[in-house]
Amino acid sequence: MYDRLTVRQKQVVWAWGFLAIPIVFYVVIRFYPTFNAMLISFQEWNLLGDRLWTGLDNYSKLLNDPVFWKVFRNTFAYLLIGTPISLVVSFVIAFHLDRLRFMHGFMRMLYFLPFMTTAVAMAWVWRWFYQPVPIGLFNNFLSSIGIPQVTFLRSTSLALPAVLAPAVWAGLGFQIIIFMAGLRAIPRTYYEAARIDGVSGWTILWEITIPLLKPTIIFIVVFSSIGFLRIFDHVYNMTTNDPGGPLNATKPLVLMIYQTAFNDFNMGYAAAQTVVLFLILLIVSLVQLRILRDR
Amino acid sequence: MNTRLIAASFKGRTAARRPANLGQILRWLLLFAGGILMVMPITYMISTSLKWPHEIYNLALIPNEPHLENYTYVLEDGRFYGWFVNSLIIALITTVSNVLFDSLVGYTLCKFRFAGRYIVFIAILSTLMIPTEMLVIPWYLMSQAFGWLDTYWGIMFPGLMTAFGTFLMKQFFETVPNDFIEAARIDGLNELEIWWTIAMPLVRPALAALAIFVFLGNWTAFIWPLIVTNSVEMYTLPVGLSSFSDEADVQWELIMTGAAISTIPTLVVFLVFQRFIIRGVVMAGLKG
């Protein structure tokens, strides 16, 4: 029967043959679970008992949960501190690294190395750095120059930036490499023309380099924002004695989801939180694309 | 993004060498200092893993009497070997699966013309918007129902194919000329042979880039393996390290040793294939 098909028709058969297993995968492992998560978010279920339909109860509970609002603020704090800092730092480093002649490859390697590490391992290294005297590196250094101790991970105000620091650090290498690729794609002639016109270096940066880097900047902003909104590994490992502590000061949404689902087994409530996470990611990405594209 | 961007990033610098001036020297020094700061956590981790417990309070980078006792102690009970093997098997299988399926789907969506092609493409692409964290609860329920909890399959199944990889490969198959495929068809190769013997070799750099990304992603993955594994023997390296470190409490030299054991393999691989990996990351980052 196959032999009687035309060349076109044969290709259609092949195409669907190639797509068969992947389509099953995407339906079963991606679409069905997405749908299921939304469904569970309207139910109350502790894994053992019956699944009870509760309508929007989980969502109204969430909106009246002070912990959720604390977590919501933390999640956006990770985004609003992490994204601009990593964007500016990686751009400055990439800009100068691009102009470096001597030992260029070696320097690039130094900056890229942290990207190859495991978040869990590095969270523990940084956790050690933050310990009080006489253990922690930072406090030892501070006390050696006569500055009083800082209780990084035990302070409700400093713990969040302290947990964020290794996440920013580990992502810098990737962003620097992407920025350097963007910088090299800008035709040299633009710079030469500007130089002939006697334009200052600062103007070249603002009028030529940054506008031409727009696609790269959009990519890095959206990509790193999604990363910071989903922060988990660092927080979980740096605060294992009281995950998300002290007093929920470092708890991001993903950690709240994890605890609600797999410590409290409150599946419906956790599913509602995942739907909120999904909406946050969607809205933040769309807003960023809109703002950055128009400029 | 465009290919010019990628092509340009691999070209060496074309500007003529000018003699170094004061600004250049200052730039080099500042960047060097920054680079040293960047690798400081890694160097301190390795240095502390070579120290005796009484020495860890000492800020010296080079231990007074470096030794490997911590490594023998940590590796003694064999847990780390098991976790290492688990992580390696899972990362390798997932990588192979992604390289095969993502490229097969990318190729099909790029080179075949059939009704429904666009819908399939958009459907797959739309899964990029769904965060993993939204799916972990349904995946857990599924694993529980089918007995996948605490198995390799349970750890691996969510990552066997990715929309990111499919999109990346589709982009790269655009660069394969249709004439090649037509010619092969006339020579009597079937579609599977054309994909495997004609198209795949032409996108080898992209396959390598995809492999690097998928491998690294699975090697460092934490939240899903943490959820799906129960027994210590089934832990992956990050999950094992997390529980080991929590247990080791204040024995920081042992924690640093565990961290070093899980970090050093990827660092060594990176140092050996540096250029290749950086190129792969740029390619995956810009095209994806």
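In the text below, chain A, chain B and the rest are named by the order of the sequence lines, each starting its count at 1.
Ranking A:Arg8, A:Met122, A:Arg230, A:Met267 against chain B, the residue ahead of the rest is A:Arg230, based on heavy-atom pairs under 4.5 Å. Among B:Val239, B:Leu237, B:Thr162, the residue with the largest count of heavy-atom pairs under 4.5 Å with chain A is B:Thr162. Among the candidates B:Pro131, B:Gly116, B:Ala259, B:Ala115, the residue making the largest number of heavy-atom pairs closer than 4.5 Å to chain A is B:Pro131. Options B:Thr48, B:Ile227, B:Val136 differ in how many heavy-atom pairs under 4.5 Å they form with chain A, and the most are formed by B:Ile227. Residue with the most contacts toward chain A among B:Leu271, B:Leu241, B:Leu104: B:Leu104 (heavy-atom pairs, distance under 4.5 Å). The candidate from B:Ile261, B:Asp102, B:Ile36, B:Leu267 with the greatest count of non-hydrogen atom pairs under 4.5 Å with chain A is B:Leu267. The residue among A:Ile40, A:Asn36, A:Asn237 with the most heavy atom pairs within less than 4.5 Å of chain B is A:Asn237. Of the residues considered (A:Ile21, A:Ile93, A:Ile23), A:Ile21 shows the highest number of contacts with chain B, using heavy-atom pairs under 4.5 Å.
Contact annotation for A:Phe35: neither backbone nor side-chain heavy atoms come within less than 4.5 Å of a heavy atom of chain B. Heavy atoms of B:Ile255 lying under 4.5 Å from chain A belong exclusively to its side chain. Looking at B:Arg185, only its side chain comes within 4.5 Å of chain A, counting heavy atoms on both sides. Interface remark: A:Arg127 contributes backbone and side-chain atoms alike to the contact with chain B (heavy atom separation under 4.5 Å). In this structure, the portion of A:Phe129 lying under 4.5 Å from any heavy atom of chain B is its side chain and not its backbone. Only the side chain of B:Thr108 comes within contact range of chain A, judged by heavy atoms closer than 4.5 Å. With a 4.5 Å cut-off on non-hydrogen atoms, A:Ala261 touches chain B through its side chain but not through its backbone. Residue contact with chain B, scored on non-hydrogen atoms closer than 4.5 Å, involves the side chain of A:Phe31 exclusively. Heavy atoms closer than 4.5 Å to chain A are found in the side chain of B:Thr166, but not in its backbone. For A:Leu47, the part lying under 4.5 angstrom from a heavy atom of chain B is the side chain only. In this structure, the portion of B:Gln274 lying under 4.5 Å from any heavy atom of chain A is its side chain and not its backbone. When heavy atoms are compared at a cutoff of 4.5 Å, B:Ala260 does not approach chain A at all. Only the side chain of B:Met256 comes within less than 4.5 Å of a heavy atom of chain A; its backbone N, CA, C and O stay farther away. Contact annotation for A:Leu113: both backbone and side-chain heavy atoms come within less than 4.5 Å of a heavy atom of chain B. With a 4.5 angstrom heavy-atom cutoff, A:Gln131 touches chain B only via side-chain atoms. For chain A, the nearby part of B:Leu216 is the side chain; its heavy atoms alone come within less than 4.5 Å. In this structure, chain B has a heavy atom under 4.5 Å from the side chain of A:Leu19, while its backbone stays farther away. When heavy atoms are compared at a cutoff of 4.5 Å, B:Leu160 approaches chain A by way of both its backbone and its side chain.
The aromatic ring centres of A:Phe262 and B:Tyr140 sit less than 6.0 Å apart. For A:Phe25 and B:Phe101, the ring centers sit 6.0 Å or farther from each other. Between A:Trp16 and B:Phe114, the gap from one ring centroid to the other is short of 6.0 Å.
Put simply, the side chain of A:Met103 reaches to within 4.5 Å of the side chain of B:Trp28, judged on heavy atoms. Considering only heavy atoms from C-beta on, B:Leu226 comes within 4.5 Å of A:Tyr236 through its side chain. Side-chain contact between B:Met129 and A:Leu281 is absent, with no heavy-atom pair separated by less than 4.5 Å. Side-chain contact between A:Tyr111 and B:Leu31 is present, with at least one heavy-atom pair separated by less than 4.5 Å. Using a 4.5 Å heavy-atom threshold, the side chains of B:Arg113 and A:Val12 count as separate. Contact of the A:Phe278 side chain with the B:Leu135 side chain is not registered, since no non-hydrogen atoms from C-beta on lie closer than 4.5 Å.
Enclosure of atom CD1 in B:Ile119 is not indicated, since only 12 or fewer non-hydrogen atoms of other residues, nucleotides or ligands lie within 6.0 angstrom. The number of heavy-atom neighbours closer than 6.0 Å to CG of B:Leu30, taken from other residues, nucleotides and ligands shown, is above 12. Shown here is B:Trp196, whose CH2 atom has no more than 12 heavy atoms of other residues, nucleotides or ligands within 6.0 Å. Around CZ of A:Phe141, the count of heavy atoms belonging to other residues, nucleotides or ligands within 6.0 Å does not exceed 12.
Nearest heavy atoms, B:Ile137 versus A:Ala271: CD1-N, 3.7 Å. Closest non-hydrogen pair, B:Trp252 versus A:Trp124, comes out as CZ3-O, 3.6 Å. In terms of heavy atoms, A:Ala181 sits closest to B:Val282 at CB-CG1, 3.7 Å. Here the closest heavy-atom approach between residue A:Thr117 and residue B:Thr263 is recorded as CG2-CG2, 3.7 Å. Nearest heavy atom pair, residue A:Ala121 against residue B:Ser262, reads CB-OG, 3.8 Å.
A donor-acceptor distance shorter than 3.5 angstrom exists from the side chain of A:Trp169 to the backbone of B:Met38, with no hydrogens or angles considered. Counting only distance, with no hydrogens or angles, the side chain of A:Arg30 and the backbone of B:Pro158 share a donor-acceptor pair below 3.5 Å. Listed for the B:Thr266 side chain is a donor-acceptor partner under 3.5 Å among the backbone atoms of A:Met116. Of the possible donor and acceptor atoms, none in the side chain of B:Tyr44 sits under 3.5 Å from a partner among the backbone N and O of A:Val125. Using a distance-only test at 3.5 Å, with no hydrogens or angles considered, a donor-acceptor pair links the side chain of B:Trp139 to the main chain of A:Ile29.
Here the OG1-CD1 distance, from A:Thr118 to B:Ile264, works out to 11.0 Å after rounding to the nearest 0.5 Å. Rounding to the nearest 0.5 angstrom, the gap separating the CD atom in B:Glu133 from the CD1 atom in A:Ile257 is 7.0 Å. Annotation: the span from B:Leu192 atom CG to A:Trp14 atom CH2 amounts to 5.5 Å, rounded to 0.5 Å. Rounded to the nearest 0.5 Å, atoms CZ (B:Arg27) and CZ (A:Arg101) are 8.0 Å apart. Here the straight-line distance linking atom CD1 of B:Ile278 with atom CD1 of A:Ile176 works out to 10.5 Å at 0.5 Å rounding.
Between A:Tyr26 and the options B:Val105, B:Thr127, B:Val120, a side-chain contact (heavy atoms from CB on, under 4.5 Å) holds for only B:Thr127.
Using cut-offs of 30° and 60° on the angle between ring planes, the pair B:Phe270 and A:Phe112 is tilted.
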Let me see the working for A:Thr34 and B:Met134 under side-chain contact (heavy atoms from CB on, under 4.5 Å), right down to the final yes or no.
CA-CA 7 Å; A:Thr34 307; B:Met134 189 174 172; 4.1 Å; yes

